[in-house]
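Single-structure report; data block below.
Start at 1 and go down the list; that is how both ligands and their atoms are numbered.
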Amino acid sequence: MNGIKQVNKTDKPILNILNGLPSERNPVWLMRQAGRYLPEYRSLRAKAGSFLDLCLTPSHAAEVTLQPVKRFPLDAAILFADILLIPYALNQKLEFREGEGPVLEGLGEQGDLSKFSFQRNKLDPVMETLQIVKKKIPPETALIGFCGGLWTVAAYMIDGNSRNNFTQAKKWAAEKPELLDRLIALLLDASEYYLCKQIEAGAEILQLFESWAGLLEDEKFDRWVIRPTKELVARVKRKYPHVPIIGFPREAGMKYAAYASQTGINALGIDQNITLDYAASQLQPIKTLQGNLDPKLLVEGGEKMLQAAEAILKKFGPRHIFNLGHGVVPETPPDHVGQLVEFVHGFKTSQ
Ligand code: CP3
């Protein structure tokens with residue numbers, strides 16, 4: 001035996017697609033499908049206090065996870081949390097400021113890593129959130145867990161925020177490669193623990209959000225994106241070989257292909273800057289794709305949105321997970337999400 005177990009068809013279209021099995025319809029979910037565009041999110045967020053409190057209060061976080069699934073027949077719910085909970089568990093000071101986003105106490109030039117120690121129990125509320133969601137989620141809806149890509153989380157830890165386009169993190173990559181290796185190694189161990197725990201708590205699919213993959217070129221991309229991702233995927237799969245992993249190295253451009261073929265992921269998320277022709281001819285032969293409708297078109301809605309969705313569905317055919325090229329933005333009218341999901345589900349590609 002080669003150790004590959006037969007995976008049976010399930011009631012969850014997204015799991016079937018990820019396992020290479022046919023599905024009656026194209027599955028659809030949206031990055032940031034829970035969030036400020038939903039009035040019910042804004043109201044719970046106001047009650048919770050801070051964004052961090054919302055993430056770390058399991059009953060609230062579970063409710064927010066399920067809000068979009070209650071409104072729309074999405075094929076998956078994604079755990080409500082944040083990629084910066086790993087730095088928080090490593091004891092780095094984290095704040096989400098209104099109107100400004102996350103602010104960490106950045107490492108800056110000095111880069112003293114000795115102050116970090118991984119306090120696993122700080123992530124316990126996230127596992128509780130998953131357990132609550134698991135009990136309440138409809139049987140045909142899959143539950144996605146996630147963490148940040150190691151380079152992306154490292155970049156936030158170094159610069160503290162994204163205001164300066166990660167100047168300091170890029171400087172580390174150029175001038176302190178060994179220190180960056182050490183930070184990434186720390187994140188690798190913590191993220192392996194975090195992802196495996198999420199599976200044990202009920203996550204059926206994992207996504208790696210490498211939002212700032214586009215900042216590194218050539219051998220730097222290889223050293224801090226491809227190689228550590230490959231190691232993380234291998235470690236998780238050693239324990240849980242049947243849990244599919246979606247990798248999303250946003251804005252990786254011409255480097256998407258190397259990421260897809262070398263990291264061991266099951267599916268590749270693509271942003272809206274990749275042309276459909278390139279993705280279908282160069283990337284789809286390597287991996288199942290997820291994406292890539294422009295979030296601005298979801299704001300716009302109407303014919304323009306539906307035509308773009310149709311072009312994606314026609315180009316990629318049935319072996320595709322419909323999603324955006326990045327997250328839903330706060331100004332999105334919720335009705336447009338409903339129209340999009342209905343359109344994707346009603347679309348018949350020739351099987
Ligand atoms: O619905 C989901 O997708 C699940 C929850 C989720 C959030 N953040 C909630 C959130 C997920 C998967 C993330 C990932 C995340 N967090 C990424 C990777 C994806 C991406 O957007 O590129 C990054 C870079 C972060 C870090 C982060 N968190 C930023 C940069 C911000 C500020 C930007 C913003 O939209 O305000 C956050 C805050 C955040 N994370 C919000 C939400 C719903 C908004 C918080 C609020 O209510 O004020």
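Within the structure, ring pair (Phe, Tyr, Trp, His ring centres under 6.0 Å) contacts touching residues 171-196 (residues at least two apart or in different chains) are Phe118-Tyr193.
Remark: Lys9 engages Glu24 in a salt bridge (Lys or Arg N to Asp or Glu O under 4.0 Å) (not counting sequence neighbours).
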Please list, one pair per line, the donor and acceptor atoms closer than 3.5 Å that link side chains of residues 130-146 to other protein atoms, with sequence neighbours excluded.
| from | atom 1 | to | atom 2 | distance (Å) |
| --- | --- | --- | --- | --- |
| Lys134 | NZ | Gly202 | O | 3.2 |

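Side chains of Asn266 and Lys237: a donor on one and an acceptor on the other come within 3.5 Å. Under 3.5 Å, the side chains of Trp212 and Glu251 contain no donor-acceptor pair of N or O atoms.
Heavy atoms of other residues, nucleotides or ligands lying less than 6.0 angstrom from NZ of Lys170 number more than 12.
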Go ahead and list the nitrogen or oxygen contacts between ligand 1 and the protein that come in under 3.5 Å, distances to 0.1 Å, or just say none.
| from | atom 1 | to | atom 2 | distance (Å) |
| --- | --- | --- | --- | --- |
| ligand 1 | 1 (O) | Gln33 | N | 3.4 |
| ligand 1 | 1 (O) | Ala34 | N | 3.4 |
| ligand 1 | 3 (O) | Arg32 | N | 2.7 |
| ligand 1 | 8 (N) | Arg32 | NE | 3.3 |
| ligand 1 | 8 (N) | Arg32 | NH2 | 3.4 |
| ligand 1 | 8 (N) | Asp82 | OD1 | 3.2 |
| ligand 1 | 16 (N) | Asp82 | OD1 | 3.0 |
| ligand 1 | 16 (N) | Asp82 | OD2 | 3.4 |
| ligand 1 | 21 (O) | His326 | NE2 | 3.2 |
| ligand 1 | 22 (O) | Ser211 | OG | 2.5 |
| ligand 1 | 22 (O) | His326 | NE2 | 2.8 |
| ligand 1 | 28 (N) | Asp82 | OD1 | 2.7 |
| ligand 1 | 35 (O) | Arg32 | NH1 | 2.9 |
| ligand 1 | 35 (O) | Arg36 | NH2 | 2.5 |
| ligand 1 | 36 (O) | Arg36 | NH1 | 3.2 |
| ligand 1 | 36 (O) | Arg36 | NH2 | 2.7 |
| ligand 1 | 40 (N) | Arg32 | NH2 | 3.4 |
| ligand 1 | 40 (N) | Asp82 | OD1 | 2.9 |
| ligand 1 | 47 (O) | Tyr41 | OH | 2.5 |
| ligand 1 | 47 (O) | Arg45 | NE | 2.7 |
| ligand 1 | 48 (O) | Arg45 | NE | 3.4 |
| ligand 1 | 48 (O) | Arg45 | NH2 | 3.1 |

